[in-house]
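Working notes for the structure below.
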Amino acid sequence: MSSRTFRKGSFAALAMTAALVVSGCSSDSGSESTSSATGGAEGGSDANLAITFLPKNLGNAYFDTSNAGGAEAIEEFGGTYAEVGPAEAAPDAQVSYINTLTQQGVGAIAVSANDPEAICDALNEARDNDVKVVTFDSDTNTDCRDVFINQATSEGIAQVQVDLIAEQIGDEGQIAILSATANATNQNAWIELMEGILAEEHPNIELVDVVYGDDDDQTSFDKTAALLQTYPDLKGIVSPTTVGIAAAARYLSTSEYQGEVAITGLGTPNQMRSYIEDGTSAGFALWNPADLGYLAAYASKALIEGEITGAEGDTFEAGKLGEYTVEADGVVLLGDPYVFDADNIGDFDF
């Protein structure tokens, strides 16, 4: 697991880049959009550094942010940035864009897949025509791309949430977990890992209950109220779901428990901003989508220039993020999840 930790960074320059990219990606038609920018520096070779980002859908603030990171990187190394994509995140909605990019002869496609299989034939045709394929955020089958930029491991996601709640409650007391659904594979994996970390590293923290809000705002809100009634000594709630953390924070923000019961987990800046600003939450985690797009762009460059092939053990430089190593199955791990708090939340819009 990478030791890189992206905490409390200053992203004023990136915020300006994001604003430019978001404005460039708007579309009155509501069906698709493209934008492109050529880097101000000359490339170091004759390699085809035309790199196009293909998110799940346009008009999504998360992907506006990740693609802004990609645009920043491509400008740094003198490539040409473009973005295309569908209005809706349907399984096969990206196929026509991939086919067009293949015909145009771009150097690489950086895609967040709507479906692991639906775009495989199109991607492999692109690869047969010497277009490099980098997936980020959401992967395809491993034989459909060259590398996958993974935002975080399950172990990293579990660790950061335990670290946050331990810090926020002084490393002792009762906590509960407000999860999504009882059969959510990723949630259950994180919870199992969190239980192990708590037992090994935080013996004075007692996990009293795991409840499920079904990723529904009102159900999660009601479950938060029930937890506080059932466990009057509760010191904190961890919600590893963006719906749950916002619902729990909303309940706490207008209750006698605000500032007394900690709330953390996985969330996005826009949904949690007011709860950070009013002190309901001291901090929460996710990954930094701008860094994700930035790394995807540098991985694309490394593939185009032949610095890497996607084989395990390949290494490449990724600008301000440093050196990365390709792991098994062509996976490149961004690093530890990013912590959002009062010091940095104003730098993000997603």
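These numbers come from a predicted model, not from an experiment.
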All N/O donor-acceptor pairs, side-chain side in residues 47-61, below 3.5 Å, sequence neighbours left out:
{"unit_1": "Asn48", "atom_1": "OD1", "unit_2": "Ala50", "atom_2": "N", "d": "3.3"}
{"unit_1": "Asn48", "atom_1": "ND2", "unit_2": "Gly105", "atom_2": "O", "d": "2.8"}
{"unit_1": "Asn60", "atom_1": "OD1", "unit_2": "Tyr62", "atom_2": "N", "d": "2.9"}

**Message:** If you count every heavy atom of other residues, nucleotides or ligands that lies below 6.0 Å from Asp121 atom CG, does the total exceed 12?
**Reply:** no
**Asked** Is there a donor-acceptor pair closer than 3.5 Å between any side-chain N or O of Gln161 and the backbone N or O of Ile157?
**Response** yes
**Prompt:** Going by atom types only, do Thr102 and Glu125 share a side-chain donor-acceptor pair under 3.5 Å?
**Reply:** no
**Message:** Run Cys144 and Val133 through side-chain contact (heavy atoms from CB on, under 4.5 Å) and show every step you take.
**Reply:** CA-CA 8 Å; Cys144 307; Val133 174; over 6 Å; no
**Message:** Tell me if a side-chain donor or acceptor on Gln94 pairs with a main-chain N or O of Ser112 at a distance below 3.5 Å.
**Reply:** yes
**Message:** Quick check: is Val243 connected to Leu266 through a chain of hydrophobic side chains (ILVMFWY, heavy atoms under 4.5 Å apart)?
**Reply:** no
**Request:** Write down the atom of Ser300, the atom of Ala108, and the distance for their closest heavy-atom approach.
**Result:** CB-CB, 3.8 Å
**Asked** Regarding Asp329 and Thr142, is there a side-chain donor-to-acceptor distance under 3.5 Å anywhere?
**Response** no
**Tyr294 and Tyr298 aromatic ring geometry - parallel, tilted or perpendicular at 30°/60° bounds** = tilted
**Asked** Got more than 12 heavy atoms from elsewhere within 6.0 Å of CD, Glu192?
**Response** no
**Asked** Where is the tightest heavy-atom contact between Tyr275 and Ser253, given as atom of each residue plus distance?
**Response** CE2-OG, 3.8 Å
**Prompt:** Between Gln258 and Thr280, does any side-chain donor sit less than 3.5 Å from a side-chain acceptor?
**Reply:** yes
**Asked** Do any N or O atoms from the side chain of Asp314 and from the backbone of Thr309 form a donor-acceptor pair under 3.5 angstrom?
**Response** yes
**Message:** Tell me whether Leu198 shares a hydrophobic cluster with Val210, the cluster being built from Ile, Leu, Val, Met, Phe, Trp, Tyr side chains joined at under 4.5 Å.
**Reply:** yes
**Message:** Please find the pair of heavy atoms, one from Ala248 and one from Leu178, that lie closest to each other, and give the distance.
**Reply:** CB-CD2, 4.0 Å
**Distance-only polar pair, side chains of Gln103 and Asn99, donor-acceptor under 3.5 Å** = no
**Prompt:** Within the distance-only criterion (no hydrogens, no angle test), does the side chain of Gln151 pair as donor or acceptor with the backbone N or O of Asp137 below 3.5 angstrom?
**Reply:** yes
**Item:** Linked, directly or transitively: Phe348 and Leu295 (ILVMFWY side chains, under 4.5 Å)
**Value:** yes
**Minimal non-hydrogen separation, Asn344 against Phe340, with atom names** = OD1-CA, 3.4 Å
**Request:** Start with the C-alpha distance between Lys301 and Glu305, add both sets of side-chain angles, then the distance that settles salt bridge (charged side-chain N to carboxylate O under 4.0 Å, His left out), and finish with yes or no.
**Result:** CA-CA 6 Å; Lys301 173 182 182 290; Glu305 295 183 336; 2.9 Å; yes
